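Structure, as structure tokens:
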Protein chains: 2
Amino acid sequence: MSDQTTCLHQRESRPRRLILAGAHRQPGYCLTCGIRAQSVCSVIDDDDIARLAEVAVETLVLPGRTFIEEGTAATDFYNITSGNVKLFKALPDGRRQIMGFATTGHFLGLAVSDQYAFGAEAMDTVRLCRFSRARMRQLMDDFPRLERRLLAEASNELVAAQNQMLLLGRKTARERVASFLLDRMRDATDPSQDVPLPMTRSDMADYLGLTIETVSRTLSWMRAERLIAIGRGHTVRVTASERLETLAAGEAA
Amino acid sequence: MSDQTTCLHQRESRPRRLILAGAHRQPGYCLTCGIRAQSVCSVIDDDDIARLAEVAVETLVLPGRTFIEEGTAATDFYNITSGNVKLFKALPDGRRQIMGFATTGHFLGLAVSDQYAFGAEAMDTVRLCRFSRARMRQLMDDFPRLERRLLAEASNELVAAQNQMLLLGRKTARERVASFLLDRMRDATDPSQDVPLPMTRSDMADYLGLTIETVSRTLSWMRAERLIAIGRGHTVRVTASERLETLAAGEAA
DNA sequence: CGTAACTTTGATCTCGATCAAGGCTTGTGG
DNA sequence: CCACAAGCCTTGATCGAGATCAAAGTTACG
């Protein structure tokens, strides 16, 4: 698929290396991109896609690497082509809030400000396309559909953020975990089967505004209540989705 | 200023009446609009502004009226021309989370979905311009700058939402109230003077994910610590902004 | 003035945090 | 193949920030 994965399989478990610099692609590159259909790139026609390919720089990020540092100059946009990423903000004493998890097809870096509003860390091996903001701006001038698509993207994220604010401000621990699991099921291929949770308890806690212990206890409670079954290797299956929906919606227990 | 304020001063405290239907404006209306400069409307030139005026419907909303109902069909966009609005989501048992406060110049209703993601209630007498989504869509086709401006608007809201997620997920009550007060100071005319807080303790609580009592106690504590001075009629003055900033940023006390 | 809504303050309770062991899993090296 | 180490995850005991319950005190408005 890609000719640039020379060190990809060597030692994924060691988050030591620098981000690979990547290279501008051949004009035909985006044309054959497998995830174009699900990403913002889909708004640019085959005829014009070479323009995008010129601007895109493919990059490989190893697990655990922070490739966007909160507060640094926002020079690029990113489009994830494979892997999982967590987006977060932190307080000076180390408290962290994860704003969301991004996966294949997600677009990162929307902000008017010249600084990134959040950090981004690879949860596994991540491949992404990088676009400089300046060049992206030119593309937006030439392709209004791109701007429209980004507006749609931003609007959706805004709705998600508002749901998360309701969760963080007003839901109980059980309601939070139930909401989280159901969200995961929603974008799973087969929600009736074991669904992977590619994040640690610590990540879930930082996403839900809880502690590791509370997340763990709540999951154990859900298993005891036969709402879910916890599989091996970070997977979960929902066994009573109706009851879980009721719980997540915050209806009187 | 407006000829449509016949019942404006009659009984603002009674949130009983229906929203006034309003009327399409004369072509020259937007041209003289005092808040155009601070709103999305500013991206449309004087030459073309008649197009916008045709589409705009001026509406008056009395205090306490909910003019956007969460979950109902999203038929319109709104632009606030005066007054204060709270945006909120609610759980079935009545728990509420206020997503934000909107005032003069703010644009409401961005969402790809066909339903409003949140409700909106007038906190005082509110005047707003209503645009049907369908007509707005036409305008966006004709004026790409409008779309660009909405993207900027959405991006800014996204950044604000992310800050609020950090606040709701990880900040203490004192840090939340400090952050809130400083945000209020930021868009005040003169932050060194008494700044109005046009919302009740209950609204602050629902915005900050706290209870009325905790908000009240925290404000009392801040007054006792000489961080703020609480004026009469919902006003506050910050007397120790450095210490308040430190507190809001979440640095070790 | 009187009343209804909002705010403050106090007493007590509780959910989730914190502190503290253990138990699993995974990966490495003998 | 097993021993060991280093992370995770789970479970238990206790604590505490903020919620809840309760009662005055203020404000605003008719």
Side-chain angles (χ1 to χ4, degrees), chain A residues 9-16 63-64 93-97 123-124 167-178 180 197-224 228 230-236 247 250 253, chain B residues 9-16 62-64 93-97 123-125 167-178 196-224 228 230-236 247 250 253:
Chain A
H9 300 292
Q10 281 179 12
R11 33 183 66 235
E12 295 196 358
S13 63
R14 266 230 217 137
R16 296 272 172 267
D93 64 359
R95 280 173 287 171
R96 261 192 354 160
Q97 179 65 36
M123 293 161 69
D124 42 28
L167 180 148
L168 292 170
R170 290 303 183 211
K171 288 188 182 179
T172 65
R174 285 173 183 182
E175 290 163 358
R176 291 179 200 208
V177 174
F180 172 72
L197 297 179
M199 67 287 291
T200 65
R201 296 283 181 270
S202 174
D203 289 337
M204 292 185 218
D206 284 345
Y207 180 60
L208 298 174
L210 300 171
T211 58
I212 307 176
E213 293 93 329
T214 299
V215 171
S216 182
R217 268 186 255 273
T218 305
L219 287 170
S220 297
W221 173 83
M222 286 178 174
R223 185 181 44 197
I228 60 172
I230 300 176
R232 292 173 48 85
H234 286 269
T235 70
V236 185
L247 186 57
Chain B
H9 300 292
Q10 282 180 11
R11 33 184 66 232
E12 295 195 359
S13 64
R14 266 228 217 140
R16 299 267 172 271
L62 293 183
D93 64 359
R95 280 174 286 171
R96 262 193 352 163
Q97 179 64 38
M123 294 161 69
D124 42 27
T125 298
L167 179 147
L168 292 170
R170 290 302 183 211
K171 287 188 180 177
T172 65
R174 286 173 182 181
E175 289 163 358
R176 292 180 200 207
V177 173
L197 297 178
M199 65 288 290
T200 65
R201 296 283 181 271
S202 173
D203 289 338
M204 292 185 216
D206 284 345
Y207 181 60
L208 298 174
L210 300 170
T211 58
I212 306 176
E213 293 93 329
T214 299
V215 171
S216 182
R217 267 186 256 274
T218 305
L219 288 170
S220 297
W221 173 83
M222 286 178 173
R223 184 181 43 196
I228 60 171
I230 300 176
R232 292 175 48 84
H234 286 268
T235 69
V236 185
L247 186 56

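Note that this is a predicted model, so its numbers are computed, not measured. Below, chain A is the first sequence line, B the second, and so on; all start at residue 1.
The nearest whole Å value for the distance from the NZ atom in A:K171 to the P atom in C:dG16 is 14 Å. With rounding to whole Å, B:R217 atom CZ is found 9 Å from D:dA19 atom P.
For A:H234, a side-chain nitrogen or oxygen approaches OP1 or OP2 of D:dC9 to under 4.0 Å. Phosphate proximity of C:dT8 to B:R201: present, with a side-chain N or O under 4.0 Å from OP1 or OP2.
No donor-acceptor pair closer than 3.5 Å links the side chain of B:R223 to the backbone N or O of B:I228.
Mapping A:I230 and A:R170 onto DNA chain D by nearest heavy atom places A:I230 at the nucleotide closer to the 5' end.
Comparing C:dC19, D:dC9, D:dT27 by their nearest atom to the side chain of B:R232 picks out D:dT27. Of the candidate nucleotides C:dA17, D:dT11, C:dT26, C:dA17 has the atom lying nearest to any side-chain atom of A:T214. When distances are taken from the side chain of A:T200 to each of D:dC9, C:dG16, D:dT11, the shortest belongs to D:dC9. When distances are taken from the side chain of B:S220 to each of C:dT8, D:dT10, C:dC6, the shortest belongs to C:dT8. When distances run from any side-chain atom of A:I212 to the nucleotides D:dT11, C:dG16, D:dT10, the shortest one goes to D:dT10. Listed candidates were D:dT11, D:dT20, C:dT26. Nearest to the side chain of B:T211 is D:dT20. Listed nucleotides D:dG12, D:dC9, C:dT8 differ in distance to B:S216; the shortest reach to its side chain belongs to C:dT8.
Taking 4.0 Å as the cut-off between side-chain N and carboxylate O, A:D206 and A:R201 do not count as a salt-bridged pair.
Against DNA chain C, the stretch residues 202-210 of chain A makes heavy-atom approaches under 4.0 Å through A:G209, A:L210.
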